[in-house]
Amino acid sequence: MLMEKPKSYAKSDAFPGAEAVRQELERVLESSAFKGTPRRKKLLRYLVDELLGGRGGELKGYSIATLVFDRDDSFDPQADPVVRLEARRLRHDLDGYYASAGRENPRRITIPKGQYAPVIEWVESEVAVQQSPPVSGMVADATPSVSPLIGYGDIGVARPYRRAAFIAVASLLFLFGILAYSFFTPKAAIANHRSVENGTSIVVLPFDTDASNPRNVLLATGMADEIMGGINRFGGVRLYLASGLATKVSGNDPIQIGRDLDLTYVLSGTMEVDEPGGMLRVTTRLVDVKTQRILWIGSYDREYSANSFRAVQLEIANSIASALGQPYGVLRTADINNLSNSATTTMSSYECVLQAYAYRRLLTQALHAPALSCLERAVKRDPNYVDAWGMLAWLYMDEGRFGWLKIGTKEDAYRRAMSTAQHALALDRNNVAALKALSSTLHYMGDFAESLRVQRLAYAANPNDPDTLAQLGWRLAVRGNFKEGIPILNEAIERSVNPPGWYYHLIAIDQYLNGRYAEMCETARRSTSDGSGMSWSFVAIAEGALGQTVAAHQALARMAEKSPLLARDPASAYRRHQAIDSIVHALVAGLHKAGWNDRIASADSM
């Protein structure tokens, strides 16, 4: 659908709905749920005023720095990232507000990534559509089912198109079927949730260091900034830097800062620089504000030289960010463990995403159905919540690859997954969850080259995500490229806080193909943490190769219990993951040696 680009307006009075926008601005700034600091509130007011004055397309980092943040004429955006950092934090503040207190507001103020000009969204009865650049090379007919609410050009206002709204709603009904008539989270339930709908919240404090050395103080503050930047790449987290909170809180007590701002976690640490010895020591800890329980402690000792200090500092910051932010890392695991015991229909949108991650760790049908239902409600409730769309694409794909469809074919499920992932990428073309879901769907559709290309895009978007690495290594190895895939899988495991069982599967297969049966047995048993029939099949093969008949038969029994398909037709079970024939034949032969033929009758009777 082609659209005319709105013209610029010379006066604020000429801006469509200017008064309504001003009212929305005041509603945001005065809300206790909007956690913006005074200078971010000043920034938001300035950006909206410039938009209403017809100058949205003229917003530059230099003018914002000098007029909002009181920088002088010598301001250098490369040396001082204040504008980029504060704009990023402001985006998170607005996302959090509209996911909670502002969720019913008829209008929304957003700041898309890559620009400073705000976008005004009308969310009452009209839907505005913008052509969003897709990731090149994607399937042409896999179009988004619902159009995102995004503004246009310099002016940043989304115009109403009733026909577009009708088409979007019709597409939604076609793709998703009839969802619940409506969904309203009880206010009492919202009050009891520690997690807001677009993610958990954390304050990163400047690290303690030798205050008598100004250089060390600067480096310690920079460490906090780098950690924030790394965590931000994972999404699902609202970040706060303590230096911006000084006017809101008194004292330097980390827990008190977290309590005053109603945050979930506090990250603090120390940085010791031994210049004569060339050693850098960083110790950090994550604390749950509500319980004051220490959830994680990280210690890092690194040698450095004058030329390598910056690289060492960045390596440590990335390691901390990865440990906290990765899909099965400290933050998400803690949030999953804190999930309320309430019914699925009372979960926040963020909790639906957590439920989907909990499912993806074990990949069981029992966990799939409630997670899918919860996510479908979440995207209906919060249509701009890109992480929910990305995880929903995963669950649609799993309907196809595991045969969990109630109606339709696996091809229908894959098309639905493609459409959903494409829609997520229309909202944020660098969203890692959506890129990974798209890559996986392409793999199961048989487009292996495009799958790898998209997976590498996901890695480029966040090289600190070990799950992205694991999926890349897995897809390379399952298609026979063990030489490249296995080192990647090993690196992913090394960088993971708590790796899922499937990370080990292709490593175990590689060990089997190379006759390293004892190593395979150890690797396969590690993979059984997921409880899957696939993992137990590898244990059976390894034990059979080692001549351990009793252990092999016990593993076969566990395999049959967990996966009737593996017990009945293991070749089909392995092939549905697009494994090459040589892998399938070797694994089936291994099951025969483990005694699989003796178990056909009992498996078929299950």
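These numbers were taken from a predicted model, which means no experiment stands behind them. Computed from heavy atoms alone, side chains included, the values below leave out hydrogens, waters and symmetry copies.
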Under 4.0 Å between a side-chain nitrogen and a carboxylate oxygen: does that hold for [X] and [Y]?
X	Y	answer
Glu543	Arg525	yes
Arg332	Asp335	no
Arg495	Glu491	yes
Arg575	Asp581	yes
Glu522	Arg526	yes
Glu399	Arg416	yes

Compare every heavy atom of [Y] with every heavy atom of [X], then report the nearest pair and how far apart it is.
X	Y	answer
Ala477	Ile583	O-CD1, 3.8 Å
Ala321	Ile231	CB-N, 3.5 Å
Cys352	Met347	SG-CB, 4.2 Å
Val386	Ala424	CG2-O, 3.2 Å

Subject >> Ring centroid separation His505 to Trp474 under 6.0 Å >> reply: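 Not close enough - the centres of the two rings lie 6.0 Å or further apart.
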
Subject >> Pair Ser451, Gln455: side-chain N/O donor-acceptor within cut-off below 3.5 Å >> reply: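 No, because no side-chain N or O of Ser451 sits under 3.5 Å from a partner of the opposite role on Gln455.
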
**OP:** Go through the side-chain N and O atoms of His368 and Asp398 and say whether any donor and acceptor fall under 3.5 Å apart.
**Re:**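 Checked: His368/Asp398 side chains show no N/O donor-acceptor pair below 3.5 Å.
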
I need the [X] [atom1] to [Y] [atom2] distance, nearest 0.5 Å.
X	Y	atom1	atom2	answer
Ser535	Trp502	OG	CH2	12.0 Å
Arg456	Leu472	CZ	CG	5.0 Å
Met559	Gln554	CE	CD	14.0 Å

**OP:** Specify whether Tyr574 and Phe538 have parallel, tilted or perpendicular ring planes, treating 30° as the upper limit for parallel and 60° as the lower limit for perpendicular.
**Re:**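 Tyr574 and Phe538: parallel rings.
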
Subject >> Lys NZ or Arg CZ of Arg361 over Tyr328 ring: under 6.0 Å, within 45° >> reply: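 Yes - Arg361 lies over the ring of Tyr328, closer than 6.0 Å to its centre and within 45° of its axis.
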
Original post:
Under the 6.0 Å and 45° cation-pi test, does Arg285 pair with Trp296?
Top reply: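 That pair does not qualify as a cation-pi contact.
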
Subject >> From Gln326, Gln471, Lys436, residue fulfilling side-chain hydrogen bond (donor to acceptor under 3.5 Å, both in side chains) relative to Asp465 >> reply: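 Between Asp465 and the candidates, side-chain hydrogen bond (donor to acceptor under 3.5 Å, both in side chains) is satisfied uniquely by Lys436.
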
